[in-house]
A.B. asks: 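Okay, handing you the structure first.
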Amino acid sequence: LRGAHHMIEYNPLQKTWLTLQQSRGRVYRDGVFQFVQVDDIWEFNMKGEPVWKWYARSQIGAYTSMDRNKHQVNPHYDYTHGNTLHYDVHENLIYYNSRHMDTFYKLDKTTGKVLWGIGRFGDTDMKNLQGRPVDRIFSHSHGLTMVGDNTWITFDNDATMTKSFQSSCRRSRMLEFKLSGGVAQEVWEFAPNFKPTICRSVQGGVVRLPNGNTLGAFGAGYEIEATRDGQIAWLMQVKGRETQRKEFPPPHDFNIGSRFLYRPVLKLTKPPNRSCKAAFSAWNAFRAEARALAVFTCFVGEPKVGNKMVVRKGFWFRPHWFETQLTVTLHHESDLTCVVENEDGLWSLPVRVPSC
């Protein structure tokens with residue numbers, strides 16, 4: 001593939017690759033054409049041939065009116081600096097995050113049109129955690145990821161940029177927000193109160209885990225997993241000289257490595273009721289942008305080939321690592337052991353289900 005900038009997403013339905021491509025554009029201003037940097041979106045087939053292109057300078061209206069002296073644009077006229085693509089292959093939608101515009105956009109891939117934007121140059125009202133209207137809810141953010149219907153998380157660097165291309169930050173955080181009724185509302189945040197601060201002016205990443213916790217890459221080499229109630233469940237600090245490099249301070253980004261687990265996950269959320277119906281939640285072993293086939297099986301005794309199976313049914317894992325909910329009727333007089341198996345033949349750890 002032609003070299004991509006920041007991001008590449010695979011579409012298993014069409015067997016194509018969606019990439020961010022850094023290119024040069026021209027903006028007519030003050031009687032002359034100015035050359036600027038811009039991140040467009042190109043799609044390639046398996047032969048490396050471009051099959052679809054989207055140009056930010058043609059679709060983002062605010063792009064042509066930005067003033068580098070007012071809007072924190074670096075000396076290279078890097079107006080958009082797209083750093084994240086989120087591809088909904090089933091709905092044919094793309095979410096495009098622009099670091100330097102502090103805005104992310106929802107795109108209709110069929111038409112290429114911008115449907116809405118959230119952020120400094122967006123057209124959506126925004127509210128903070130306290131419900132007060134604000135002019136932005138993130139600044140120079142990274143790792144935009146959909147975690148539910150109209151719900152996203154992002155690593156809010158809370159950074160600004162000077163004309164000399166030097167970034168500084170105040171209070172980096174992991175942020176979850178939801179779009180409802182035309183308003184983007186903050187619903188959860190985590191910002192470690194460390195001294196000295198571990199805010200991160202450049203790069204960073206965030207991912208929602210199947211256990212409901214959120215993992216983020218902060219400054220000073222810290223990787224932190226936080227619970228919904230704001231507690232630190234796990235942390236690691238990468239120490240040494242490399243963590244001080246301004247260009248690539250590790251850990252760089254969680255949007256690749258942390259998408260994988262050793263096996264799928266299965267949880268019993270409601271034991272069998274009087275009708276012997278039980279409820280489960282399941283996640284695949286990795287994050288994928290398309291739904292994936294799986295099999296749910298309950299055994300009498302240990303989960304292994306040859307043992308009696310009470311239930312065996314196919315289902316689809318939801319895309320984007322969303323929680324997949326299952327309701328199963330289990331008529332049995334003894335305890336069962338249930339598992340899920342993904343397309344790769346990986347089994348979850350067994351879940352014990354009481355008799356009904």
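Here the structure is a predicted model, which means the values were calculated and not measured.
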A.B. asks: Could you tell me whether Phe296 and Phe280 have their ring centroids closer than 6.0 angstrom?
C.D. replies: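 Judged by ring-centre distance (under 6.0 Å), Phe296 and Phe280 do meet the cut-off.
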A.B. asks: Could you tell me whether Gln130 atom CD has more than 12 heavy atoms of other residues or ligands within 6.0 Å of it?
C.D. replies: yes
A.B. asks: Kindly say whether the aromatic ring centers of Trp17 and Tyr10 come within a distance under 6.0 Å.
C.D. replies: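 Centroid separation for Trp17 and Tyr10: below 6.0 Å.
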A.B. asks: Kindly assign one of parallel, tilted or perpendicular to the pair Tyr105 and Tyr96, based on the angle between their ring planes and the thresholds 30° and 60°.
C.D. replies: tilted
A.B. asks: State plainly whether the residues Arg171 and Asp156 are in salt-bridge range, i.e. N to O under 4.0 Å.
C.D. replies: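 Judged by the 4.0 Å cut-off on N to carboxylate O distance, Arg171 and Asp156 do not form a salt bridge.
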A.B. asks: Going by heavy atoms in the side chains, are Thr297 and Val295 under 4.5 Å from each other?
C.D. replies: yes
A.B. asks: Quick one, Thr227 with Asn213, criterion side chain to side chain donor-acceptor pair (under 3.5 Å). Give me CA distance, side-chain angles, the key distance, then yes/no.
C.D. replies: CA-CA 5 Å; Thr227 64; Asn213 294 347; 5.2 Å; no
A.B. asks: Between Thr145 (side chain only) and Val207 (backbone N and O only), is there a donor and an acceptor less than 3.5 Å apart?
C.D. replies: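 It does not hold such a pair.
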A.B. asks: Rounded at 0.5 Å granularity, tell me how far CD1 in Ile198 sits from OG in Ser172.
C.D. replies: 8.5 Å
A.B. asks: Is there a path from Val311 to Leu326 through hydrophobic residues (I, L, V, M, F, W, Y) whose side chains come within less than 4.5 Å of each other?
C.D. replies: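 Yes, same cluster.
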A.B. asks: Among Phe177, Trp152, Phe155, find the residue that satisfies the ring-ring contact (aromatic ring centres under 6.0 Å, His included) test when tested with Phe138.
C.D. replies: Phe177
A.B. asks: Could you tell me the separation between the CD1 atom of Ile94 and the CG atom of Leu107, rounded to the nearest 0.5 Å?
C.D. replies: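 It is 5.5 Å, given to the nearest 0.5 Å.
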A.B. asks: Does anything in residues 337-354 pair up under salt bridge (charged side-chain N to carboxylate O under 4.0 Å, His left out), and if so which pairs, sequence neighbours excluded?
C.D. replies: Glu302-Arg352
A.B. asks: Does this structure show an ion pair linking Arg132 with Glu186, if we count only N-O contacts that are shorter than 4.0 Å?
C.D. replies: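 Not counted as a salt bridge, because no side-chain N and carboxylate O are separated by less than 4.0 Å.
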A.B. asks: Are any non-hydrogen side-chain atoms of Glu289 and Asn11 less than 4.5 angstrom apart?
C.D. replies: no
A.B. asks: Any side-chain heavy atom of Arg287 within less than 4.5 Å of one from His320?
C.D. replies: yes
A.B. asks: For the aromatic rings, using the six-membered ring if either is Trp, is the centroid distance between Phe260 and Tyr262 under 6.0 Å?
C.D. replies: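 Ring-ring flag for Phe260/Tyr262: false, centres at least 6.0 Å apart.
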A.B. asks: How are the rings of Trp42 and Phe44 set relative to one another: parallel (under 30°), tilted (30 to 60°) or perpendicular (over 60°)?
C.D. replies: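 The arrangement is tilted - the two ring planes meet at 30° to 60°.
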A.B. asks: Contact between Thr80 and Arg99 at the side-chain level, heavy atoms closer than 4.5 Å - yes or no?
C.D. replies: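 Result no, sub-4.5 Å side-chain heavy-atom pair not found.
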A.B. asks: Enter the distance from Gln22:CD to Thr19:OG1 here, rounded to the nearest 0.5 Å.
C.D. replies: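 The distance works out to 12.0 Å.
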A.B. asks: Return yes when atom CD of Gln14 has more than 12 non-hydrogen atoms of other residues, nucleotides or ligands closer than 6.0 Å, and no otherwise.
C.D. replies: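 Open.
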A.B. asks: Would you call the rings of Phe104 and Trp116 parallel, tilted or perpendicular if under 30° counts as parallel and over 60° as perpendicular?
C.D. replies: perpendicular
A.B. asks: Might you point out which heavy atoms bring Phe299 and Trp347 nearest each other, and give the distance in Å?
C.D. replies: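 Nearest heavy atoms, Phe299 then Trp347: CZ-CH2, 4.0 Å.
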A.B. asks: Using modelled atom types and a 3.5 Å cut-off, is there a donor and acceptor pairing between side-chain atoms of Gln185 and backbone atoms of Asn128?
C.D. replies: yes
A.B. asks: Are Val300 and Val340 in one and the same hydrophobic cluster, where Ile, Leu, Val, Met, Phe, Trp and Tyr link if side-chain heavy atoms are under 4.5 Å apart?
C.D. replies: yes
A.B. asks: Taking the six-membered ring of Trp316 as reference, does the NZ or CZ atom of Arg291 fall below 6.0 Å from its centre and within a 45° cone about the axis?
C.D. replies: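 Arg291 over Trp316 ring: yes.
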A.B. asks: Heavy atoms, side chains only, cut-off 4.5 Å: are Val206 and Thr214 in contact?
C.D. replies: yes
A.B. asks: Test the Lys109-Trp54 pair against the cation-pi criterion, namely NZ or CZ under 6.0 angstrom from the six-membered ring centroid and within 45° of the ring axis.
C.D. replies: no
A.B. asks: Measure the CD1-CG distance between Ile153 and Leu144 for me, rounded to the nearest 0.5 Å.
C.D. replies: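 The CD1 atom of Ile153 sits 9.0 Å away from the CG atom of Leu144.
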A.B. asks: Under the side chain to side chain donor-acceptor pair (under 3.5 Å) criterion, do Glu333 and Ser355 qualify, and how do the steps go?
C.D. replies: CA-CA 5 Å; Glu333 296 180 355; Ser355 60; over 6 Å; no
A.B. asks: Are Met46 and Thr16 packed together at the side-chain level, in the sense that at least one heavy-atom pair is separated by less than 4.5 angstrom?
C.D. replies: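 Not touching, per the 4.5 Å side-chain cut-off.
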A.B. asks: Just one of Asp158, Asn157, Asp102 clears the side-chain hydrogen bond (donor to acceptor under 3.5 Å, both in side chains) bar with His140, so which one?
C.D. replies: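 Of Asp158, Asn157, Asp102, side-chain hydrogen bond (donor to acceptor under 3.5 Å, both in side chains) with His140 is met by Asp102 alone.
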A.B. asks: Any donor and acceptor pair, going by atom type alone, linking the side chain of Asn45 with main-chain N or O of Pro50 inside 3.5 Å?
C.D. replies: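 Such a contact is absent between Asn45 side chain and Pro50 backbone.
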A.B. asks: Determine whether His6 and His81 make a side-chain contact, defined as any pair of heavy atoms from C-beta on separated by less than 4.5 Å.
C.D. replies: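 Yes; the side chains approach each other to less than 4.5 Å.
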